[in-house]
Q: 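Following this message is one structure expressed as structure tokens.
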Amino acid sequence: MTTGAGESPAETLDCLGRRCPLPVIALARRLPELPVGAVLRVLADDPAAAVDIPAWCRMRGQEFVGAVRVGAAPGYDVRRTG
């Protein structure tokens with residue numbers, strides 16, 4: 001897994017060990033607090049996050065930048081678009 005342009009996230013949200021829907025809920029609460037254009041990295045090891053986070057981005061009009069691996073942890077980069 002790699003990130004879109006190799007850019008560094010503005011912040012990392014650690015949702016490791018949390019099950020669906022908690023990673024998406026945490027993303028939905030935190031992203032609006034970041035400036036437009038900022039990338040939030042969500043670390044989530046729940047297999048459902050690989051589907052849920054991109055789907056949430058589509059539904060909410062946010063940009064799913066891509067999936068990453070941080071050490072052994074899967075992560076998902078989301079850019080705030082508005």
Side-chain angles (χ1 to χ4, degrees):
M1 290 190 272
T2 61
T3 187
E7 59 191 298
S8 296
E11 186 173 314
T12 299
L13 189 60
D14 186 352
C15 295
L16 296 173
R18 296 184 187 175
R19 296 293 168 222
C20 177
L22 296 178
V24 172
I25 291 170
L27 166 62
R29 288 182 177 158
R30 184 65 187 125
L31 194 65
E33 298 173 356
L34 297 179
V36 171
V39 173
L40 177 63
R41 177 166 291 162
V42 181
L43 300 180
D45 53 2
D46 181 358
V51 175
D52 292 348
I53 291 174
W56 180 88
C57 290
R58 285 190 302 275
M59 290 188 304
R60 299 295 181 193
Q62 304 302 323
E63 180 185 352
F64 178 68
V65 178
V68 297
R69 183 137 320 255
V70 181
Y76 307 91
D77 287 352
V78 176
R79 182 185 324 279
R80 182 173 178 215
T81 59

Q: About how many Å separate CG of D14 and CZ of R41, when rounded to the nearest 0.5 Å?
A: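 R41 atom CZ to D14 atom CG measures 12.5 Å (nearest 0.5 Å).
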Q: Enter the distance from D46:CG to L22:CG here, rounded to the nearest 0.5 Å.
A: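 The distance works out to 9.0 Å.
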Q: So, for V36 and T81, which heavy atoms are closest and what is the spacing to 0.1 Å?
A: CG1-O, 3.7 Å
Q: Could you tell me whether the side chain of R58 and the main chain of G61 form a donor-acceptor pair under 3.5 Å?
A: no
Q: Knowing that exactly one of R79, E11, R80 qualifies, which makes a side-chain contact (heavy atoms from CB on, under 4.5 Å) with L40?
A: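 The passing option is E11.
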Q: T12: which residues meet the side-chain hydrogen bond (donor to acceptor under 3.5 Å, both in side chains) condition with it, sequence neighbours left out?
A: none
Q: For R60, what residues pass the side-chain hydrogen bond (donor to acceptor under 3.5 Å, both in side chains) criterion, not counting sequence neighbours?
A: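 R60: no side-chain hydrogen bond (donor to acceptor under 3.5 Å, both in side chains) contacts found.
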Q: Kindly compute the distance separating CD1 (I53) from CD (Q62), expressed to the nearest 0.5 Å.
A: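 Answer for the CD1-CD pair, I53 versus Q62, is 13.0 Å.
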Q: Quick one, M59 and P54 - any side-chain contact, counting heavy atoms below 4.5 Å?
A: no
Q: Check for a donor-acceptor pair, side chain of D45 on one end and backbone N or O of G17 on the other, with a separation under 3.5 Å.
A: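 Flag set: sc D45 to bb G17 pair under 3.5 Å.
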Q: Measure the CZ-CG distance between R29 and L13 for me, rounded to the nearest 0.5 Å.
A: 11.0 Å
Q: Using every non-hydrogen atom in the two residues, find where A44 and L16 come nearest and quote the distance to one decimal.
A: N-CD2, 3.9 Å
Q: With a 4.5 Å heavy-atom cut-off, do P23 and D52 have their side chains touching?
A: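 Result no, sub-4.5 Å side-chain heavy-atom pair not found.
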